[in-house]
Structure formats: C-alpha cells, structure tokens
Enquirer: 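Before we start, here is the structure in question, set down as structure tokens.
Below, read A as the first sequence line, B as the second, and so on, with proteins coming before strands; counting in each chain starts at 1.
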Amino acid sequence: MDFSKQLILWYLQNKRDLPWRKDTNPYQIWLSEIILQQTRISQGIPYYFKFIRKYPTIFDLASAEEDEVLKLWQGLGYYSRGRNLHHTARYITTHFNGIFPNDFKTLKKLRGIGDYTASAISSICFNQAHAAVDGNVQRVLARFFNINTPVNSTKGIKYFKELAQELIDPAQPGTYNQAVMELGALICTPKNPQCTVCPLQEACKALKHKTIEIIPVKEKKIRRRKRFFNFLVFNINNSSTLLVKRTEKDIWQNLFQFPLIETKNEAGLKDIVQSDLLNNLIGTNEITVEQQNFKPLVHKLTHQDIQIQFWVIKTQTTLKNAIKWKNVINFAVPTPIDNFIKSYQK
DNA sequence: GACACGTGGGG
DNA sequence: TCCCCAAGTGT
C-alpha cells in the first residue's frame, strides 16, 4: 500500500473530532486555518468558537469594525492575522458577493492567505489537488524519506512542496492533506515521536537510519533584541485613564495601550517625570508618579525581549480623550497590558 | 530572500 | 531557566 492510502486509512480511524471538521463550509474552514497559523489547536479552539458565535457568516464579520475584531482576537497573537481576516471578509463581500472563491489562484491573492492556506481551503472545501505544506507535513516527509535539506530554507520549502504534491491523492486531496498534518500532530511529533504505533513505521527511512532525532533539519536561529517600555497609567480622579492606539508598523499594530515612553535602557523615575510625553499631557498640573512594579516585567516575543515598567500617574486634572476605567475592557490590548489591567487595583 | 510578527505550553 | 515550537504570511 502506498504512502497516501496508508495515511488516509490511519487518519479515518484516528482523526480528532475538531469543531471545524463538522462540514466544509469555506468560511468556517478559512477562519479555522487563519486562527491555526503558527498556533496550537488547544489555544485556537476557544477563539474559533468566539468568532463563529459572534460572526456566524462572512457578512457578519465584514460588517464589524476592525477594533471589534481585534478585541475578539486579543490574546491570540500575530494580530495581522486578525486585521487581514477582517480585510478579506470585506473584500469577499464587496467583490464576490460574499461567495468564497473556489480556486487556488484566486484564494492565494487574498490578504492573509498564502500557499498553505490556499491549498488547505481549495483541497478541503473544493476538492482541488493542492498539497498543503505546513510544519507537520515538512516533518513527516523529511523523516519518512530521511531528507536533511533544511525545511525552512528556500530550497527546502520548494522541495517539500513538490514532494507533497507528488504524494497527494487526487481523489481525496482534502483528506490527504489533513491526514499528513494529523499524523505530524499526533504521532510524528517534534519530540518523542510515537514511532511504535506509526502507520508508516515499516517504510520510514529516518526510523530505519535512526535519524528521527535530527530530522527535520532547521537552519538559523533567531536573535532577540531588548526593548524597554514604560507605560504611563493615568488614574484620573480614580475614575478614568488614557489609552492610545499603536498605529505604527511595529508589534501590536492597531491595538491599544497606555501612553508609552520607550527608552534605550531601564528608565528611572526622573526619566518619566521629565519626559516630553508626560509634560505635554499634564502641563503644569499637580500629579504624583508611582512606580507600579518594582522589577520590570519581562515580556518575551519571538524576536524581542521587552522589559515593561508601569508608572501610575495620579491626577485630578481632566484630560482630553480620557476613558472611564469600566470601559477599558472594550479595547483590544496586548497581553501584558491586559494582565496589568486585570491585576491593577485603583 | 531574510526577517518580523505573539502567545503559551512542554521538555 | 531557557529554548523550541505551533495548521504561515507579508514585506
């Protein structure tokens, strides 16, 4: 029996009962695929339910404001996914009458839909034979054929795509794609793969050559830069505060935060009190500034190490654009800000 | 084409 | 603790 037949047989008996596997409605498949990009299923599932509940159709999503969509996306990370999801919902609504395009090429042109997602949607929803190649697929194929080409190199990406495309079962491409990914997620895992129960164990070359531990090969490691964020948490008459939107092309784009002073090194009270930002906001009015957390909070991102300091500014002054504390929960904020808000007692 | 973009869980 | 990584995409 060949690779895809064996795999599909195993898949049909072992697949998980996931919420987006109930039918092949392209809206729901699309939503699940976007949510699952670089994201664990357990982390994505609650968001999938939240979105389906609030936006049952693509029209509901298209009608929403971006701020509202980002609020629902809050905590999931990679926020461009949320922005692109919303953008594409509007695009499909206005250009295609809300009907999802059913071919790979058109799908791939949509914002937030790359080669993988276009393949996944076109195969699962429209039965087109496009191999969906994600990290799971690369790992399964690299091991099964014992290939040491780095999976994240240009050469590797091209190679594994072609290989997967050769192996696809054109009669059931969607099932095939999900079968490879499911095997990668449940059996052929990055660490401690369950080779003894793998349906492909007899023909697996990495198992035979004892290279399971070193394949797949990945090249280059990322380096983290350090940043220092000082958030000015205004507490105005114990009832209001200030939030501003992050509009620049940077992390957390279009999310809200407390007014920020970014410094080259760890800041002290003097740096804050003498800052232009604070003085422009507060003028000559009376304030008290308190350092909220004694030790900077370290928030680790993939490429950044952010040391965060919250400075509480108490004042009686009425500030422009102040927001009632009880309304703060309506704004999409980065996770460290959300954590602060939840723990902060006025 | 290399790099940036989040968060949380596991070893 | 720290590093890896998880259904990738955009620039």
Enquirer: Hey, does Gly75(A) reach any base, or is it just sugar-phosphate, or nothing, if we go heavy atoms under 4.0 Å?
Expert: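 Sugar-phosphate only.
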Enquirer: For a quick check of understanding: with a heavy-atom distance under 4.0 Å over all strands, which category does Arg21(A) fall into, base, sugar-phosphate or nothing?
Expert: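 Base contact.
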Enquirer: Is there a donor in the side chain of Tyr79(A) and an acceptor in the side chain of Gln74(A), or the other way round, less than 3.5 Å apart?
Expert: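 Not at all, the side chains of Tyr79(A) and Gln74(A) share no donor-acceptor pair under 3.5 Å.
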Enquirer: If I compare all heavy atoms of Asp169(A) with all of Tyr176(A), which pair ends up nearest, and what's the gap?
Expert: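 Residues Asp169(A) and Tyr176(A), closest heavy atoms: N-CG, 3.9 Å.
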Enquirer: Would you list the protein and nucleotides 9-11 of chain B atom pairs, both N or O, that sit under 3.5 Å from each other?
Expert:
none

Enquirer: For Gln38(A) and dG6(B), give me the distance from atom CD to atom C1', rounded to whole Å.
Expert: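 One finds 10 Å between C1' of dG6(B) and CD of Gln38(A), rounded.
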Enquirer: Between Arg83(A) and Leu70(A), what is the shortest heavy-atom contact and its length?
Expert: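 The answer is CG-CD2, 3.9 Å.
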Enquirer: Show every ring-ring contact (aromatic ring centres under 6.0 Å, His included) that has at least one partner inside residues 253-280 of chain A, sequence neighbours left out.
Expert: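 Counting only pairs at least two positions apart or across chains, the ring-ring contact (aromatic ring centres under 6.0 Å, His included) contacts touching residues 253-280 of chain A are Phe256(A)-Phe331(A), Phe258(A)-Phe340(A).
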Enquirer: Between which nucleotides of DNA chain C, 5' to 3', does chain A make heavy-atom contacts below 4.0 Å?
Expert: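 Contact span on the strand: dC5(C) to dG10(C).
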Enquirer: How many Å lie between CZ on Arg225(A) and P on dC5(B), as a whole number?
Expert: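 Arg225(A) atom CZ is separated from dC5(B) atom P by 6 Å.
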Enquirer: To the nearest Å, give me how far apart CG (Leu301(A)) and P (dT7(B)) are.
Expert: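 My rounded result for the distance is 6 Å.
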Enquirer: Just to be sure I understand the geometry, which residues of residues 145-160 of chain A put a non-hydrogen atom under 4.0 Å away from DNA chain C?
Expert: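 Residues of residues 145-160 of chain A that come under 4.0 Å of DNA chain C do not exist, since none gets that close.
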Enquirer: I need the CG-P distance between Leu36(A) and dT7(B), as an integer number of Å.
Expert: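 That distance rounds to 17 Å.
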Enquirer: Does Lys71(A) pair with Asp67(A) as a salt bridge, N-O distance under 4.0 Å?
Expert: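 The answer is no: the pair does not qualify as a salt bridge.
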Enquirer: Taking only side-chain nitrogens and oxygens of Trp73(A), does any of them come within less than 4.0 Å of OP1 or OP2 of dC5(B)?
Expert: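 False: Trp73(A) side-chain N/O out of range (4.0 Å or more) of dC5(B) OP1/OP2.
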Enquirer: I'd like the P distance from dG8(B) over to dT9(C), given in whole Å.
Expert: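 Looking at atom P only, dT9(C) and dG8(B) are 22 Å apart.
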Enquirer: Give a yes or no on this: more than 12 heavy atoms of other residues, nucleotides or ligands lie within 6.0 Å of atom NZ of Lys54(A).
Expert: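 Yes, because the 6.0 Å sphere around NZ of Lys54(A) holds more than 12 heavy atoms from other groups.
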Enquirer: Please give the distance between the P atoms of dC4(C) and dA4(B) as a whole number of Å.
Expert: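 dC4(C) and dA4(B) have their P atoms separated by 16 Å.
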Enquirer: When we call it a touch if two heavy atoms are under 4.0 Å apart, what does Trp30(A) touch: a base, just sugar-phosphate, or nothing?
Expert: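 Nothing: the residue Trp30(A), judged by heavy atoms under 4.0 Å, touches no strand.
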Enquirer: Under 4.0 Å between any heavy atoms, over every strand shown, what does Thr117(A) touch: base, sugar-phosphate, or nothing? Just pick one.
Expert: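 Since only primed, P, OP1 and OP2 atoms lie under 4.0 Å of Thr117(A), the category is sugar-phosphate.
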Enquirer: Nearest nucleotide by nearest heavy atom, which residue falls closer to the 5' end of DNA chain C, Arg224(A) or Glu33(A)?
Expert: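 First, find each residue's nearest nucleotide; the 5'-ward one identifies Arg224(A).
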Enquirer: Tell me whether Asp103(A) is salt-bridged to Lys109(A), with the criterion being a basic N under 4.0 Å from an acidic carboxylate O.
Expert: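 Salt bridge flag = no for Lys109(A) with Asp103(A).
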Enquirer: Looking only at heavy atoms, what is the nearest atom pair of Arg90(A) and Ser63(A), with distance?
Expert: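 Taking Arg90(A) first and Ser63(A) second, the nearest heavy atoms are NH2-O, 4.3 Å.
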Enquirer: Could you tell me whether the phosphate oxygens of dG6(B), OP1 or OP2, come under 4.0 Å of any side-chain nitrogen or oxygen in His303(A)?
Expert: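 So the side chain of His303(A) is outside the cut-off, no N or O lying under 4.0 Å from OP1 or OP2 of dG6(B).
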Enquirer: Quick check on dT7(B): is either OP1 or OP2 less than 4.0 Å from any side-chain nitrogen or oxygen of Thr335(A)?
Expert: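 Yes, Thr335(A) has a side-chain N/O under 4.0 Å of OP1/OP2 on dT7(B).
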Enquirer: Measure from CD on Gln304(A) to P on dC3(B) and round the result to the nearest Å.
Expert: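 Roughly 15 Å, once rounded to whole Å.
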Enquirer: Hey, can you pull the residues of residues 134-143 of chain A with a non-hydrogen atom under 4.0 angstrom from DNA chain C?
Expert: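 Output list: Asp134(A), Gly135(A), Asn136(A), Arg139(A).
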Enquirer: With P as the reference atom in both, quote the distance from dG11(B) to dA7(C) in angstrom, rounded to an integer.
Expert: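 To the nearest whole Å, 15 Å.
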Enquirer: Calculate the interatomic distance between His299(A) atom NE2 and dG6(B) atom C1'; express it in whole Å.
Expert: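 Result: 6 Å.
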Enquirer: For atom C1', what is the distance between dG8(C) and dG1(B), given to the nearest Å?
Expert: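 16 Å, rounded to whole Å.
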Enquirer: Hey, can you tell me if Phe51(A) and Tyr55(A) have their rings parallel, tilted or perpendicular (30° and 60° cut-offs)?
Expert: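 If you compare the ring of Phe51(A) with that of Tyr55(A), the planes turn out tilted.
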Enquirer: Please compare Glu219(A) and Leu76(A) by the position of their nearest nucleotide in DNA chain B and report the one closer to 5'.
Expert: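 Going by which nucleotide is closer to the 5' end, it is Glu219(A).
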Enquirer: So, applying salt bridge (charged side-chain N to carboxylate O under 4.0 Å, His left out) with Glu262(A), which one of Arg246(A), Arg227(A), Lys226(A) is it?
Expert: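 Testing each of Arg246(A), Arg227(A), Lys226(A) against Glu262(A), the sole residue satisfying salt bridge (charged side-chain N to carboxylate O under 4.0 Å, His left out) is Arg227(A).
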Enquirer: Within a radius of less than 6.0 Å around CD of Glu219(A), do more than 12 heavy atoms belonging to other residues, nucleotides or ligands occur?
Expert: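 More than 12 heavy atoms, drawn from other residues, nucleotides or ligands, come within 6.0 Å of this atom.
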Enquirer: Is the positively charged end of Lys155(A) above the ring of Tyr159(A), judged by distance under 6.0 angstrom from the centroid and angle within 45° of the axis?
Expert: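 No, Lys155(A) does not sit over the ring of Tyr159(A).
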Enquirer: Which whole-number value in Å describes the distance from Gln37(A) CD to dG6(B) P?
Expert: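 So the two atoms are 13 Å apart, to the nearest Å.
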Enquirer: Check whether more than 12 heavy atoms from other residues, nucleotides or ligands sit under 6.0 Å from atom CD of Glu248(A), and answer yes or no.
Expert: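 Enclosed: over 12 neighbouring heavy atoms sit under 6.0 Å from CD of Glu248(A).
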Enquirer: Please indicate whether Lys245(A) has more than 12 foreign heavy atoms, meaning atoms of other residues, nucleotides or ligands, lying under 6.0 Å from its NZ.
Expert: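 Enclosed.
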Enquirer: Tell me, which of residues 98-116 of chain A have any heavy atom that sits under 4.0 Å from an atom in DNA chain C?
Expert: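 The answer is Leu110(A), Arg111(A), Gly112(A), Ile113(A), Gly114(A), Asp115(A), Tyr116(A).
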Enquirer: In this structure, how many angstroms lie between the C1' atom of dC5(B) and the CG atom of Asn84(A), rounded?
Expert: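 It works out to 11 Å between those atoms.
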Enquirer: Is there a salt bridge (Lys or Arg N to Asp or Glu O under 4.0 Å) between Arg21(A) and Asp17(A) once you walk through the steps?
Expert: CA-CA 7 Å; Arg21(A) 286 185 174 160; Asp17(A) 183 22; over 6 Å; no
Enquirer: Salt-bridge test for Asp115(A) and Lys108(A): reply yes if a basic N is under 4.0 Å from a carboxylate O, no otherwise.
Expert: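 No salt bridge links Asp115(A) with Lys108(A).
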Enquirer: Quick one: sort the Tyr48(A) and Trp20(A) rings into parallel, tilted or perpendicular, breaks at 30° and 60°.
Expert: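 The arrangement is perpendicular - the two ring planes meet at more than 60°.
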Enquirer: Give the minimum heavy-atom separation between Leu278(A) and Val273(A), together with the two atoms involved.
Expert: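 Heavy-atom minimum between the residues: CD2-CA, 4.0 Å.
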